[in-house]
Each structure stands twice: as C-alpha cells, then as structure tokens.
Amino acid sequence: MTRYSAADIEAKWQEAWDKAGIFQATRTADKPKYYVLEMFPYPSGRIHMGHVRNYTMGDVVARYKMSTGHNVLHPMGWDAFGMPAENAAMAIGGHPKEWTYNNIADMRGQMKPLGLSIDWSREFATCDPEYYGQQQALFLDFLEKGLVYRKNAVVNWDPVDMTVLANEQVEAGRGWRSGALVERRELTQWFFKISDYSDELLSALDTLDNWPAKVRLMQENWIGKSRGLQFAFERTDGAEPITVYTTRPDTLNGASFVGISPDHPIAKAMEADDADLAEFLAECRKGGTTAEAIETAPKLGRDTGIRVKHPLNPDWELPVWIANFILMDYGTGAIFACPAHDQRDLDFCRKYDLPVVDTFFALDDSTPVATEAFVPPKEQKVKWVSHFAGLDEATGDEAINATIDLAEKDGWGEGVTKFRLRDWGLSRQRYWGCPIPVVHCDACGVVPEKKENLPVELPDDVSFDKPGNPLDRHETWRDCACPACGKPALRETDTMDTFVDSSWYFARFTAPRAETPTDMAEAEYWMNVDQYIGGIEHAILHLLYSRFFARAMNICGHLPDSAKEPFDALFTQGMVTHEIYQTRDENGRPVYHLPEDVEDGKLKATGEALEIIPSAKMSKSKKNVVDPVSIISAFGADTARWFVLSDSPPERDVEWTAAGAEAAHKHLSRVYRVSAEIAAMDDAATGEDEALLREMHKAIDEVTKGVESFGFNAAIAKLYGFTNTLAKSKAGGAAKKQAAKTLAQLMSPMTPHLSESVWEMLGGTGLATTAPWPVADAAMLVEDSVTLPVQVNGKRRAEISVPKDMDKAEVEKIALAHEAVQRVLNGGAPKKVIVVPGRIVNVVA
RNA sequence: GCGGGCGUGGUGGAAUGGUAGACACAGGAGACUUAAAAUCUCCAGGCCUUAGGCCGUGCGGGUUCGAGUCCCGCCGCCCGUACCA
C-alpha cells in the first residue's frame with residue numbers, strides 16, 4: 001500500500017483540473033451562476049497565512065457551489081498600486097513597476113500550489129495600463145455627471161522634506177524620515193461626491209440582510225445622519241453673523257461660549273494682521289490630520305475678542321473662542337459650547353475658566369456638574385432647570401424637537417439634517433498610482449483628457465532619490481498640449497487614492513478584457529458578487545467606497561440597476577495575528593524582524609535579544625508574517641488548507657502557531673490509509689452497516705450546514721468524528737466504501753487533492769471535484785430515543801433516556817422517580833417541574 | 001477621544017436561553033516493537049478523602065425554573081478613525 005504523499009498527488013490533480021478546464025467561468029443557460037470573491041491581495045511579494053485562510057474559505061464556497069450545480073466565477077487579481085512599491089524604490093533602488101510585477105509573479109507562484117479553484121484567465125493587476133485606463137474613463141464619466149470636483153483640503157506636511165505624508169508616515173506627530181514636527185497644510189485636491197449618496201448609502205444598509213450586523217452598524221455610525229438646529233449668532237460689532245450647527249439645541253441656556261475652528265474663515269481673516277494670533281493658529285495646525293490626533297491633542301483656545309448675542313436673550317453676550325478641537329469639515333466649523341453636557345466643552349471651560357451652567361439634572365440627582373459632564377442618552381427623561389420651551393420633565397429627544405420647533409416658529413433657526421460622511425478626497429501626491437486624466441491650461445482651466453488618449457500612462461523614467469512626487473519633476477511628461485485649445489499646458493501630476501482601484505475591480509472581473517470599463521451583458525449575468533469575503537479592517541472605507549462606485553457606475557451606464565449594491569453577502573474573516581519581534585537601532589527607533597529569523601526569543605543571525613510585542617495583525621511593515629510556502633513544501637497544500645480552517649471560527653482572529661500543522665497532516669494521512677484499507681475489503685454486508693450509514697447521513701447533514709453557514713471549524717470537527725466512526729466500524733465493505741467515498745466528497749472543498757485520490761482508489765466516477773454533492777436522507781437522521789438531563793434547581797443531578805415523542809407527564813414521572821432526584825428532594829414535593837421536550841427537565845424544589 | 005467587536009481548561013476552541021469544555025493541540029498511562037518511528041487503546045477543568053460533593057465561561061450586579069449566551073456598570077485586548085492596504 002502506498003503512503004499519503006501530498007507532493008505527488010497535488011501536482012497530479014492540479015494538472016488534471018487544468019486539463020479539464022473546470023475552473024473557467026462560463027455562461028450557460030442550464031445552470032444558475034454563483035460569484036464568489038475574496039478581497040484581492042496587495043502584492044507584497046510573499047503570501048502569508050492570512051491569504052491562505054482567506055482564499056481557502058472562498059475556495060470552499062466556490063467548490064461547494066460547483067458541486068451543487070452552479071456556474072461559478074472565482075477570479076483573482078492584484079491591488080498593485082500603493083506606497084510600499086515607492087518605499088522599496090527609495091530603500092533598495094529599482095523601479096516600483098519592476099518591483100510590483102516581480103512580486104506578482106512570485107506570489108502567483110506561491111498561490112498556485114494551494115490548488116485554488118480560480119479562473120486564472122481573468123487575472124489582472126490594477127497597475128496594468130489596460131485596467132487603470134478604464135479607471136480613467138470612469139473618472140471622466142463621473143466628472144461629466146458632476147460626481148467629481150476640486151476643493152481645498154488639509155494634508156500632513158513635512159516642512160523639512162517639503163513633502164506630503166500619509167497618516168501612516170506620521171509617528172507621534174513627526175515625519176517618519178525627517179523627524180520634523182508635521183503641520184497641516186491646505187492643498188487643492190480632487191473629490192468624489194459620495195455625500196450626494198449619504199442618505200441612500202444609509203437607508204440601503206437595511207437591504208443587506210446577508211451582511212454582518214456589526215458592519216452595517218459601523219457604516220451607519222460612519223455616515224452619521226443627525227438632525228440638529230442651524231442658526232446664526234449676531235455679532236455685537238455688526239459684522240457677518242456666525243452660523244453654528246448643533247445637535248443639542250435644547251442646551252442653549254447652558255451656552256458658555258461660541259467656538260470656531262482654527263480653519264474657520266473668521267480665524268483666517270484675523271490671522272493676516274495679527275501676528276500673535278497667527279502664531280497661535282500655527283500652534284493649532286501642528287500635528288497630523290487624523291481625527292485621533294486632533295481629538296486627543298491637548299485643548300488649545302484663544303479668545304478672539306468678538307462678542308455675540310444669545311439668540312434667546314439679546315442682553316446675554318457670549319465670547320467667541322478659537323478652539324483646536326473644532327473641525328472645519330463637520331457642520332459649519334462653528335459651535336456653541338455647553339460644558340455641563342459635553343465633556344470636550346467642559347474640559348475646555350475648566351482650562352480657560354469659562355462658566356459652566358447646568359440645564360438639566362437626572363430625575364433623582366441634582367448635583368451640579370464638576371469635572372464630569374452629564375450626558376444621558378437622548379431617550380432618558382431628565383429634569384430641566386429652565387427650558388425656554390417651557391419643559392419641566394422631558395427626554396433629550398423631546399426637548400431637541402421642541403427647541404427646533406420654537407426656533408422655526410420664531411424664525412431664528414431651522415432644523416437641518418447633516419451627515420458626518422465627508423466627500424472622498426482622491427488626490428495623492430505620489431507616483432505609483434493611476435494618473436488623474438486632466439490637464440491644466442492657462443487659457444481653458446482644468447480640461448479633461450480626451451477618451452481616445454487614454455490611458456494616460458505613467459512614465460517609466462523616474463527617480464526616487466529625492467522626496468516628493470517624481471511626476472512633478474518629470475518635465476516631458478508634465479508638459480503637454482491642452483486637449484481643448486492645443487496650447488502648451490500642464491498635466492495633473494496627482495494620482496488616485498488606491499481605494500479607487502479596489503472600488504470596482506469586482507465589476508471588471510466579469511469582463512476583464514473589455515475595451516470599456518465593463519461589458520453590460522457580462523455584468524448583468526455575473527453581478528452581484530454572491531459571496532464576498534475579506535477582513536473586518538475593510539468594514540467601513542473599502543466597502544462604503546465600493547457601494548458608492550457601484551451607484552456612480554450605474555448612473556454612467558456601466559452597471560445595471562440590480563448591481564447598485566454589489567455584494568449580496570459579506571463575510572468578514574478574522575485576522576491572522578502573530579507576535580512582533582523588534583530590536584532598536586542606534587537612535588532607539590524600532591527595527592522589526594521576520595519570525596523565520598527568530599529562535600528562542602533571539603535573532604538567529606546575531607543572537608541579539610528581542611523585544612516581543614504581543615500579537616497584532618500581520619503586516620508587512622511590522623514583519624510579523626509567517627511564510628506558508630514552507631508549510632506547503634513540508635506537508636502539502638491540503639494540510640495547510642485543513643489547518644487554517646480547523647482551529648478557529650472563521651470570523652474570529654487566529655493566532656498562527658506551527659504546532660497544529662503536523663496534527664492536521666497526521667489526520668489526512670489517516671484518512672488516506674483508512675480509505676486504502678477499505679478499498680481492499682470485499683463487499684459482504686454485516687449487521688453494522690446501517691449504523692455506519694446513519695452516521696454518514698448525519699455527517700452529510702452537519703458538514704453541509706457547516707459549509708453553508710461558514711461554520712468550517714464545526715464541519716471539520718464533525719469530519720474528525722466521522723473518520724473515527726468509519727475507522728472503528730465493523731460494517732461490511734460495500735457500506736464502508738460508500739461511507740469513505742462520501743467522506744472524500746465532504747472533505748473535497750477543504751482538501752481537494754486528497755479527496756480526488758481517495759475517490760479514485762474507491763472507484764469513484766470522474767473527478768470528485770465535479771461529482772454532485774451528497775444529500776442527506778432525512779429518514780436516516782431521526783433518532784428513536786433521546787437522553788435528557790434532569791436538573792434540580794438548575795443543577796444537573798441525573799440523566800434519563802426516553803422515547804423521542806413521549807408525552808411530558810410521562811417524562812416528568814420518570815424524572816421524579818430517578819434515585820438521584822429523590823435523594824436531592826429528600827422526601828419533599830417539587831414546587832414545579834419544567835419539561836422541555838427533547839431538551840431538558842428542570843425540577844424546582 | 002469617538003465608533004465597532006472580543007474575553008470559556010495548560011493551548012486553539014464547542015455549546016437555537018436548556019448536560020459548559022464537543023473536536024483537536026500539548027501532557028500522562030498502556031499495547032505493539034529487539035529498539036525507535038508510525039499506529040492503536042485509555043486518562044485528563046479546579047478543589048475536597050471515595051460513593052459523591054463544592055467551585056468554575058474577565059470582574060461586580062440584575063432578569064429567568066434555568067445565563068457562556070439577555071440587561072446594566074466596570075476591566076483588559078483587538079479593529080477602524082477618512083493619505084496603510
């Protein structure tokens with residue numbers, strides 16, 4: 001008998017599948033389609049266990065759907081633009097393009113041995129001119145429909161390197177290379193008008209039944225629809241009033257000051273002839289652009305000297321302060337502060353000694369606010385100190401509505417709905433991205449490039465020896481003729497955010513070689529993605545941008561109406577985590593090391609001791625990645641696939657450990673060995689046949705349910721159990737062969753190569769991969785008797801075995817008669833007996 | 001700071017409000033073997049002296065006949081926070 005040799009059988013079966021062409025997605029009328037997609041990878045150069053886990057899950061779904069009679073589309077591509085390629089060019093020389101395509105070739109080579117059921121004929125990379133040229137066409141269509149525009153927005157500015165930094169390149173407020181204190185600076189940039197769709201993107205979340213509730217909730221909060229009051233404060237100096245937006249107008253009687261953002265036009269106007277104030281604003285603009293940096297920065301404020309009148313009491317004057325925690329992007333960039341009921345306002349008022357006035361108290365506690373603001377939920381009833389609408393006890397919601405009504409009636413304000421969602425800034429001051437296809441002409445202004453001139457290709461002759469965008473320095477590329485008037489003009493040198501690339505690749509997969517962005521007939525057949533699988537880290541941005549893009553593409557005629565929500569079902573897998581190994585360089589900055597370079601907490605090469613940082617998401621920058629290639633060469637792809645599915649529920653994070661791989665391999669060897677033994681048996685029946693076949697049908701039932709519900713780990717646990725049953729069963733050859741063939745089929749989505757070999761040795765017809773999925777016989781799942789636990793006061797005291805449909809009174813009698821129950825009752829009569837049929841008996845003593 | 005999630009043996013984890021720890025890993029004992037590997041069988045949450053009992057799902061409360069599961073308040077960790085992908 002031959003032993004299980006993954007290396008031999010995996011190559012053999014991959015060749016057989018290839019030859020049969022079974023993974024090519026084809027449109028036929030006789031079968032329903034199924035589109036399964038895993039979020040495509042960034043080509044870092046090495047696949048890691050997170051990829052293996054992600055693609056194996058998708059592969060299980062794809063293979064299962066194939067064997068249940070679907071035309072399956074299961075494509076793969078590369079999210080190939082982005083910063084790491086430029087960083088590599090700067091660090092080690094070479095060209096981003098070469099680096100990226102080499103990485104893609106390497107990763108494809110590492111991925112293919114996994115035996116995934118991918119239609120490789122549809123592969124593309126987002127950095128292929130054929131792809132990004134179509135993306136430029138989309139941009140021009142969006143521009144025509146008014147979905148793209150330009151405005152100013154702040155970026156991280158490194159004043160030493162004189163360059164824009166990504167948030168990731170800002171560490172503790174300093175540029176990662178120069179170490180200079182980062183400032184916020186305004187640039188004119190391109191924006192997608194995603195805010196046009198705020199309300200629709202919000203309300204359509206309700207239709208996404210097969211998305212995780214947590215993702216829908218996160219998107220809902222991100223879009224952040226709020227109803228509030230917008231009104232203006234009259235200035236005592238008669239200048240233009242200051243318009244504010246507030247979601248808590250009911251607390252207007254607790255107003256302490258009016259606050260404006262450091263980026264507010266009033267602040268900017270004053271800056272010009274007030275050096276002192278200019279210095280203060282420069283201080284406010286220090287640090288990065290992230291919400292976190294802004295909101296956790298120490299509170300800074302300055303009195304502008306401007307005074308405004310309270311809208312409800314003209315004699316009540318409020319000071320106008322500039323405060324660094326007020327965002328220009330949200331609302332009107334100006335607020336009124338009510339410190340008693342907002343922690344940020346309170347912290348600010350305590351720091352600058354501004355008044356704190358309570359406007360309401362809890363029903364049972366009238367302690368004035370000291371250091372903690374009183375912020376009850378808006379549904380909670382509170383006791384009002386004084387409310388201008390005459391309220392005494394009312395909820396926040398009631399008070400807000402009353403205030404808006406009052407303001408509208410008296411004409412000093414109006415109720416407005418606002419969204420937290422901002423327009424999507426897509427401009428990047430970088431080389432390795434999709435060029436924005438417009439030209440700047442002195443005479444004509446901003447002019448779109450003509451579609452026949454697409455793609456606007458990136459030039460290859462660039463250098464990365466200086467900071468900043470090489471396109472800015474590339475004169476022969478930058479200088480061009482205006483598409484409108486033909487005079488000399490300048491090409492836009494900003495490229496697109498890489499989120500643009502990933503916002504429509506799923507649509508492109510339906511017709512990857514089309515000479516328009518999509519092919520309607522193909523899109524209509526294959527869209528939507530029936531099952532999308534990816535990391536929870538994409539819960540908001542990528543998925544929201546893709547939902548916007550699907551709508552925008554629909555408006556431009558690139559997707560059908562039915563594809564406005566492009567992902568029917570979403571599954572967010574947990575991340576693969578790993579410890580981080582770090583040393584420090586001479587400046588005390590962290591240097592990271594790959595797990596394969598580490599042994600016993602020391603660097604293999606030098607023996608230097610390492611700091612071990614607890615598990616975090618595997619990331620290229622932290623180097624805490626594990627190489628699946630060594631697992632595959634040692635044990636085979638099936639072992640790797642089996643292991644990543646078996647040890648952890650798919651939605652949860654999994655900590656990679658090498659320990660389990662060997663056990664998985666042992667089990668697969670056992671399946672192979674047991675199957676070979678069974679193949680050699682004669683077919684005589686025994687009295688054990690039925691028991692085995694009953695177990696087989698239970699396995700079919702449970703594994704099918706597991707695969708359909710992403711309960712892969714549970715399905716695998718059942719397969720372990722069924723393998724044990726099969727190995728120990730005294731059933732005859734015919735029954736055991738049937739059971740073993742079924743086992744092979746049930747394992748096939750997870751361990752396709754092993755399953756083909758088992759299928760073959762047991763005389764299965766054709767390929768196991770294309771054989772119809774087994775169906776459980778309901779009659780074989782029914783049990784005659786059932787074991788019930790008996791509890792007394794919620795503690796288990798006994799177990800009884802009764803016929804499945806015995807009536808409650810009879811069950812109760814048997815339970816009470818049990819010796820252990822009698823002992824606990826100690827002669828007393830039970831107060832109550834609860835019988836849950838088929839489940840449990842609970843005696844209340 | 002804000003939004004979302006998670007927390008169960010030595011380890012990964014299982015459990016429609018109904019027997020907590022399935023299935024594995026690591027560990028222990030045994031069989032086979034000259035020996036080893038491989039394979040097979042059995043044990044295994046903690047505590048108490050056994051029959052048996054008590055405790056036990058991050059911590060503190062609550063709802064329920066019954067809570068890992070639902071509610072309230074904490075603690076810890078993870079993800080996102082709009083220029084990482």
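Below, chains carry the letters A, B, ... as their sequence lines are ordered, and counting in each starts from 1.
Salt-bridge formation is detected for the pair A:Glu783/A:Lys698: a Lys NZ or Arg NE/NH1/NH2 atom is positioned less than 4.0 Å from an Asp or Glu carboxylate oxygen.
If you take CG of A:Asn842 and P of B:G66, they are 8 Å apart, rounded to a whole angstrom. As rounded to whole Å, 18 Å separates atom P of B:G12 from atom CD1 of A:Ile716. The distance between atom CD1 of A:Ile840 and atom P of B:A67, rounded to the nearest whole Å, is 11 Å. Rounding to whole angstrom units, CD1 of residue A:Ile800 and P of B:U19 are separated by 14 Å. The NE2 atom of A:His542 sits 17 Å away from the C1' atom of B:C83 (whole-angstrom rounding). Between the P atom of B:C54 and the CG atom of A:Asn793 lies a distance of 11 Å, rounded to the nearest Å. Atom OH in A:Tyr545 sits roughly 11 Å away from atom C1' in B:U81 (whole-Å rounding). Rounded to whole Å, the distance from CG on A:Leu327 to P on B:G1 is 16 Å.
To the nearest whole angstrom, the two C1' atoms, one in B:A20 and one in B:A15, are 7 Å apart. Across B:G45 and B:C84, the matching C1' atoms stand 43 Å from one another, rounded to whole Å. B:U81 and B:A14 have their P atoms separated by 28 Å, given to the nearest Å. When the P atom is compared between B:A85 and B:C77, the two are found 28 Å apart, to the nearest whole Å.
Taking 3.5 Å as the limit, the base of B:C84 and the side chain of A:Glu537 contain no donor-acceptor pair of atoms between them. Below the 3.5 angstrom threshold, one finds no donor paired with an acceptor across the side chain of A:Arg652 and the base of B:C6. In terms of polar N and O atoms assigned as donor or acceptor, the side chain of A:Gln791 never comes within less than 3.5 Å of the base of B:C65 in a complementary pairing. Residue A:Arg839 places a side-chain atom within donor-acceptor reach of the base of B:U16, judged by atom type and a 3.5 Å distance cut-off alone.
You'll find that the side chain of A:Ala166 is closest to B:C84, out of B:C84, B:A85, B:G1. Candidate nucleotides B:C84, B:C65, B:G53 were compared by shortest atom distance to the side chain of A:Arg797, and B:G53 ranks first. Nearest nucleotide to the A:Asn713 side chain, out of B:A20, B:G13, B:G52: B:G13.
Nearest heavy-atom pair across A:Pro212 and A:Thr572 is CG-OG1, 4.0 Å.
Of the side-chain N and O atoms in A:Thr290, none sit less than 4.0 angstrom from OP1 or OP2 of B:U81.
B:U49 makes up no base pair with any nucleotide shown, lacking Watson-Crick or G-U wobble contacts both under 3.5 Å.
Using cut-offs of 30° and 60° for the angle between ring planes, the A:His542 and A:Tyr505 rings count as tilted.
Side chains of A:Asn54 and A:Gln573: a donor-acceptor N/O pair is present below 3.5 angstrom, by distance only.
Cation-pi contact between A:Lys151 and A:Phe191: present, with separation from the ring centre below 6.0 Å and deviation from the ring axis of at most 45°.
Base orientation of B:G62: anti, since the glycosidic angle falls outside 90° of 0.
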